Amino acid sequence: HDILLYTADLEAHPSERLAHVWDDFIQRRGLEVFRQVYKAWQLWLEKGHPALFGTPERSAATREAWLEVLRKAHPSAAVELSALSQTLQRHAAAAGEVAQDMEPLFEEPAMGATMSLYHILNTAPTNTTDTRPSACTSTLVRKPDGSLLHGRSLDY
């Protein structure tokens with residue numbers, strides 16, 4: 001694949017700052033990369049933390065509780081997550097997927113848990129991952145004039 005470069009206004013509303021990036025990325029690469037990564041992360045959560053994710057009921061309760069915490073503690077991250085969820089579902093629907101066949105991992109509670117808890121429970125403590133591609137890579141650089149540059153990959 002060619003390297004995709006994007007510019008995002010981090011001062012824009014969280015629901016809008018990456019919308020053009022997600023739309024273009026999905027148009028170029030499709031939804032399958034999101035499916036593969038989220039399924040692998042969810043499987044790791046199920047096997048690595050059965051008390052939280054071992055059954056559909058436990059997983060649903062954990063997802064809902066975590067999303068509520070995320071909304072309270074990091075509201076802008078929750079808004080961005082919701083926007084990504086809506087974007088993925090919109091693209092899935094445009095591809096002809098009907099609601100009952102649409103990827104449940106694209107729903108907001110599932111994404112909230114999968115996208116954040118996987119990294120907290122796996123990548124962050126061990127600094128390793130069994131998923132390729134893996135956690136979102138981020139770079140923050142302060143230039144000599146004091147301005148900041150921020151870059152991150154799209155392996156959500």
Side-chain angles (χ1 to χ4, degrees), residues 1 4 6 8 10 12-139 150-156:
H1 289 294
L4 304 175
Y6 299 99
L10 298 180
H13 191 272
S15 66
E16 300 169 0
R17 68 176 61 132
L18 295 173
H20 67 288
V21 174
W22 297 326
D23 284 335
D24 182 73
F25 185 89
I26 293 168
Q27 182 180 5
R28 292 173 185 247
R29 301 286 205 270
L31 292 169
E32 191 56 29
V33 66
F34 289 92
R35 282 190 182 94
Q36 290 174 359
V37 170
Y38 293 168
K39 284 181 182 179
W41 289 349
Q42 182 61 36
L43 180 61
W44 185 90
L45 289 169
E46 290 169 7
K47 301 300 182 192
H49 298 277
L52 297 172
F53 295 96
T55 66
E57 296 80 15
R58 288 180 187 162
S59 186
T62 300
R63 290 171 172 178
E64 289 294 337
W66 182 252
L67 184 57
E68 186 59 31
V69 167
L70 193 60
R71 285 181 179 138
K72 288 180 180 177
H74 300 286
S76 63
V79 170
E80 188 175 307
L81 169 74
S82 178
L84 176 57
S85 173
Q86 292 169 23
T87 297
L88 292 169
Q89 291 183 59
R90 181 173 38 83
H91 280 273
E97 296 180 29
V98 292
Q100 66 265 22
D101 296 329
M102 207 171 288
E103 183 56 61
L105 288 176
F106 290 169
E107 294 172 2
E108 195 171 340
M111 288 181 56
T114 303
M115 290 175 57
S116 55
L117 288 179
Y118 173 81
H119 305 297
I120 292 168
L121 297 173
N122 180 28
T123 306
T126 63
N127 198 29
T128 62
T129 181
D130 54 357
T131 306
R132 301 289 186 262
S134 63
C136 183
T137 306
S138 182
T139 302
H150 176 259
R152 82 178 194 198
S153 65
L154 289 176
D155 44 347
Y156 295 99

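Source: prediction; values computed, not measured.
Note that CZ of F25 and CG of L31 are 10.0 Å apart. Values are rounded to the nearest 0.5 Å. Annotation: the span from L43 atom CG to F53 atom CZ amounts to 12.5 Å, rounded to 0.5 Å. Between atom CZ of residue R63 and atom CD of residue E107 there is a gap of 8.0 Å, rounded to the nearest 0.5 Å. Note that the CZ atom of F34 and the CG atom of L84 stand 6.0 Å from one another [nearest 0.5 Å].
Aromatic rings from W44 and H49 are positioned such that their centres are separated by under 6.0 Å.
Residues passing the side-chain contact (heavy atoms from CB on, under 4.5 Å) test with E57, sequence neighbours excluded: T55. Every residue meeting the side chain to side chain donor-acceptor pair (under 3.5 Å) condition with Q86, not counting sequence neighbours, appears here in chain and number order: S82. R58 is linked by a side chain to side chain donor-acceptor pair (under 3.5 Å) to nothing, counting only residues two or more places apart in sequence or in another chain. With sequence neighbours left out, A19 forms a side-chain contact (heavy atoms from CB on, under 4.5 Å) with no residue at all. Take E64 and apply the side-chain contact (heavy atoms from CB on, under 4.5 Å) test, not counting sequence neighbours, and it matches P109. For K72, the salt bridge (Lys or Arg N to Asp or Glu O under 4.0 Å) criterion is met by E68, not counting sequence neighbours. Judged as a side chain to side chain donor-acceptor pair (under 3.5 Å), and not counting sequence neighbours, the contacts of H13 are S15.
Identified under the salt bridge (Lys or Arg N to Asp or Glu O under 4.0 Å) test for residues 12-23, with sequence neighbours left out: R17-E80, D23-R90.
Nearest heavy atoms, P14 versus S76: CB-O, 3.4 Å.
Residues R71 and V79 have side chains not in contact (no heavy-atom distance under 4.5 Å, counting atoms from C-beta outward). Residues V33 and I26 have side chains not in contact (no heavy-atom distance under 4.5 Å, counting atoms from C-beta outward).
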query = Can you list the steps and then say if L52 with L45 is a side-chain contact (heavy atoms from CB on, under 4.5 Å)?
reply = CA-CA 8 Å; L52 297 172; L45 289 169; over 6 Å; no

ask   = Does the pair Y38 and L88 meet the rule for a side-chain contact (heavy atoms from CB on, under 4.5 Å), with working shown?
value = CA-CA 12 Å; Y38 293 168; L88 292 169; 4.0 Å; yes

request  = Dump the intermediate steps for side-chain contact (heavy atoms from CB on, under 4.5 Å) on L18 and T87, then the final yes or no.
outcome  = CA-CA 10 Å; L18 295 173; T87 297; over 6 Å; no

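No more than 12 heavy atoms of other residues, nucleotides or ligands shown are found within 6.0 angstrom of NE2 on H74.
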